[in-house]
Amino acid sequence: MSSTFADYVRELHFELLPIAVYAVTRDGTFVAGNARLFELLHLTNDTLSANNIQSFYERAADREVLMKAAEERDTIEKQVVPFIVDGKTMSVQVFCRAIRYPQNDVAGFIGALVEVTREHEYLNLLDRHLPAGVYTLDANDTIVRANDGLARLHGFEQAADMEGRNVRDFYEHPETADRMRHQIVADGALIRVKVQLSRRDGQLFPAYVTAIPFVTNGVYTGRGGVIEDRTAELDSETLLQKNEKLLDDIPVGFYSVEVRGDADVVIKCNRAFALIHDYDSVQQILGVDIRRSHYITEESKRFLMELERAARENRPVLNYKLKIRTRTGRIKTIEIDSRPEMDEKKNLIGRTGAIRDVTEEELLRATVDDLTSNVTTLTSDMAAVTKDVDAVLHVFRQTLMQLSLAAQSAESVLAATPDIDEPMPTDSEIEEAIKAPLHEMISGVRTIVAHLTASNVSREDAEQLAAEADTLENYYTRPQPEWRDLWLDGAVIIHSVVARVAPGAVARSIYRPTLAAAQHVGRITALATLRIARDAILAVDTPVAALREYITSGTRAPEPRTRVRLQDRVNIAIRNLSRFASIRRVRIEFDGSGTTYIEAAAGAVTRAIGNLLHNAIKYSWKRDDSRTWIRVVVQTDDTHAIVTFENWGVPISTDEIEQKLLFQLGYRGRLSSDRGRMGTGVGLSDSLRVAEAHDGAIEVQSRPARTGGNLSDFSQPFITTVSLRLALVPKRRKVNQ
Amino acid sequence: MNLKRRVLWIEDSGHNENVALTSPVTHSGRYDMLTVLTATDGLRELARVDYDAIIVDIRIIPGEDPRWIHEYERRGKSDKAARLGLRLLQIVLGQPGDKWKTESVLPSAREPLKYGVLTVEAKESLEAELDQYGVIAYRAKHAGVNKRLLLELIDEVVRNSSRR
């Protein structure tokens, strides 16, 4: 049997154990150690007995505490302590038990060492940075361990400053600490109990305390736990309270309902929810079955089905519109966002969500839908009408061309003997042409009447001839173009009667010249009438074309812009209107030799130029000296090309220019209808639209032609200049034709 | 006696409103002109007879060929929207599309210079397509035109064609 502690230890045979194991005497001298110990403390068999475990403790007190505990309790004590090995600090978990040998005296200690440096570093890190306070109290509520988080909470610089203090010092009411200790012992734990703790400077802060007791052999030995700061949470609660006030103010109803049988009972809501349902307060609506407010049963069923579906799919119901009847009977539409809740048996048990009163929006939407529908119908109708109008105007133009061609044919016969010029005859030309044959016809009729009366062949015919001659003679004395038809009809009657009654009754040499004169009068008047009609056809052709283009502009694809030589466009417009100008005896002066390029929709620009040129021709007066012309000039400034049309004739009043009345669709100039000028009032408006589409404008000036002429005297000729401005490089790329 | 040149005029108003334009053509003594009123008849003629000049109106009616009727309906059922004259030029001189791919017209009908366009439509609205097909002769119909308008256009086409 062994007689010494060393013998005792030797018999234990712990050399091969997989952790560092040692035996030391009471003063700390190593008696034995295994290979792992040697490895950990950098020892060997030879040096072991010359070393003392005390020398490895960084703090000598640690070993004393451990020894004392081990001696007193006869239990295996364990403690993490700092060791220094070869000058390097490490954390070591020490397990230690006192060995009483051979009697009751403590002969030494055996223990084990486990290096926990890394783990301890993690713990230290956690201790330092944990956003909560961690603490250990002994049985007397003295703080034996604290982390940096706890120190921060209480306003200390480091945890050590708190150790050794009694926890009662940190409670707003110290007795609370006592009460908590009792409660912990009684209940086994405290979980997040709200308390008011104080900082080092006496300032209080709200906190949660969580703690578990340490009990050894049924004896309370202290407690450990965590302190959490509630300040931020309370801020949130305050904010929430503020939000609740806000929630009452915003027009969105928040609510929770609980399903009880067939009822959806309101269990929580804000004021807006109550108001939307026409309840005056939250209290009034709490407990109300809100499902009864659903206005249409089928809609309500669909909504509940959608809720169930959403619940099964674990998703909310969003933007669901439902009609409700409020407490006061008003019908409203609400938009619902709701998250349904189900129990474990998949029964709908309630929902939480928000509602919004969208009644007015829905009314507006319905109105807009109606309007859209009406507009669609109207647009469709307009498209049909536009198509019809286009077809009708196309036929008009075809007919105008047909009439013009027919007039040309008739003229070619009637004008075999060119008594009047090819252009539209003037009043004096007609008068001049008609005078001689009219006189000859009337005097011939007088002679025939005398012969008929003398021979008493046909009194009645003689009287008719005499009456016609009287009529024509009356008008002959003051020939007026308006009497063309009168002359024409008179000539036809005279020719008819003379041809019937004169042969056999009157000498051929007498009636033949009269018949020829009647034919002559008829031919000249018919020719004049035809030419005036043809002028009217030509005058109206361009406006009809412009009207057609204007009306159908919305149905055509936008015309792309290309590089356009403006002089070419003017020449095309002049060519198209040359016959009209010729008939009106208007000479168009234009020097087309320049080269002005713009980026433009060629068709639209040609049409605009044509409209303005047509106006210039139409509103020109014949000059006294027979020199009637229109001057067309193309110029440029820095940004625009300008086509200016200058004519001499019909005035435009200042107010019509200043008020831009001329550009209003359908507006006809106040003085524009003189001398039977026809138009549609579309040309200028259309041209302005084209100009504006090319970032341009139309400028109009009208002034008396004679120097010093009165601006209000519209009986005099005016010089009118119309300038079409077109941007050299417009911004938009396409133009509606 | 010189052989008269053959002219085809595809114009739905060729027997009515625009008939006055044919008189100068006849009186010129140079042309033997056939006027057809529809796209169907026009295309049929191009497959049947070699013409020296073919004058096409843009707004023409489809005629009895269901394909032309379909084209007409597909393009808005209006002469203006359908612009079947332009479609006819495309079929003969451009890309005909599947439906007309096998359409046989005489080789002489595939010469763009033999074509002239006489229409109420503004030239600018047709220029892109006419350029694409190579058609250069064009006259606008309006009330200010002379009776010799059609004759002048035919003369131009014949001149262009013979210069080729």
Side-chain angles (χ1 to χ4, degrees), chain A residues 383-384 386-391 393-409 411-412 534-542 544-545 548-549 552 555-557 559-560 562 564 569 572 575-583 600-607 610 614 737, chain B residues 11-27 37 57-61 72-73 75-86 117-132 138-153 156:
Chain A
T386 302
K387 210 195 293 184
D388 286 349
V389 170
D390 176 45
L393 292 178
H394 176 67
V395 170
F396 278 8
R397 290 204 73 199
Q398 287 272 39
T399 307
L400 288 173
M401 191 173 95
Q402 184 185 14
L403 286 172
S404 176
L405 292 174
Q408 281 181 50
S409 299
E411 278 180 49
S412 65
R534 187 153 60 86
D535 170 77
I537 291 168
L538 289 177
V540 86
D541 181 58
T542 299
V544 169
R548 184 172 75 91
E549 295 294 328
T552 58
T555 64
R556 289 193 298 275
E559 186 184 359
T562 55
V564 170
R569 298 295 117 190
I572 290 170
R575 197 164 59 234
N576 288 342
L577 291 166
S578 59
R579 191 160 185 82
F580 180 46
S582 161
I583 285 177
V605 168
T606 310
R607 192 173 78 244
H614 185 269
Q737 297 173 41
Chain B
E11 161 69 68
D12 58 347
S13 301
H15 290 169
N16 300 303
E17 294 97 317
N18 293 333
V19 74
L21 298 174
T22 63
S23 168
V25 178
T26 307
H27 281 291
L37 310 183
D57 182 22
I58 296 302
R59 294 174 168 224
I60 52 176
I61 51 177
Y72 183 75
E73 287 176 346
R75 289 156 193 266
K77 296 182 184 175
S78 88
D79 299 350
K80 176 178 168 53
R83 292 174 137 197
L84 293 186
L86 213 51
V117 170
L118 181 62
T119 177
V120 76
E121 303 289 334
K123 188 178 184 186
E124 293 80 7
S125 70
L126 307 169
E127 220 155 24
E129 284 100 334
L130 296 186
D131 285 351
Q132 193 183 337
Y138 162 90
R139 291 286 190 286
K141 289 193 285 189
H142 56 85
V145 299
N146 189 284
K147 275 177 80 173
R148 295 171 59 82
L149 179 73
L150 176 60
L151 176 62
E152 287 167 2
L153 178 59
E156 184 185 332

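Sequence lines set the chain letters: A, B, ... in the order given, protein chains first and strands last, and positions in each chain run from 1. As the structure is a computational prediction, the values presented were derived from the model and not from experiment.
- Contact of A:R575 with chain B is not made at all, since no heavy-atom distance falls under 4.5 Å.
- Annotation: side chain to side chain donor-acceptor pair (under 3.5 Å) contacts of A:S404 (sequence neighbours excluded): none.
- Not a single side chain to side chain donor-acceptor pair (under 3.5 Å) links A:N576 to another residue, sequence neighbours left out.
- The backbone N or O of B:A20 sits nowhere less than 3.5 Å from a side-chain atom of B:S23 that would complete a donor-acceptor pair.
- At a 4.5 Å heavy-atom cutoff, A:L403 makes no contact with chain B through either its backbone or its side chain.
- Across A:R579 and B:G144, no two heavy atoms sit closer than the pair CD-O, 2.8 Å.
- The choice from A:A602, A:A406, A:S578 that makes the most heavy-atom pairs within less than 4.5 Å of chain B is A:A602.
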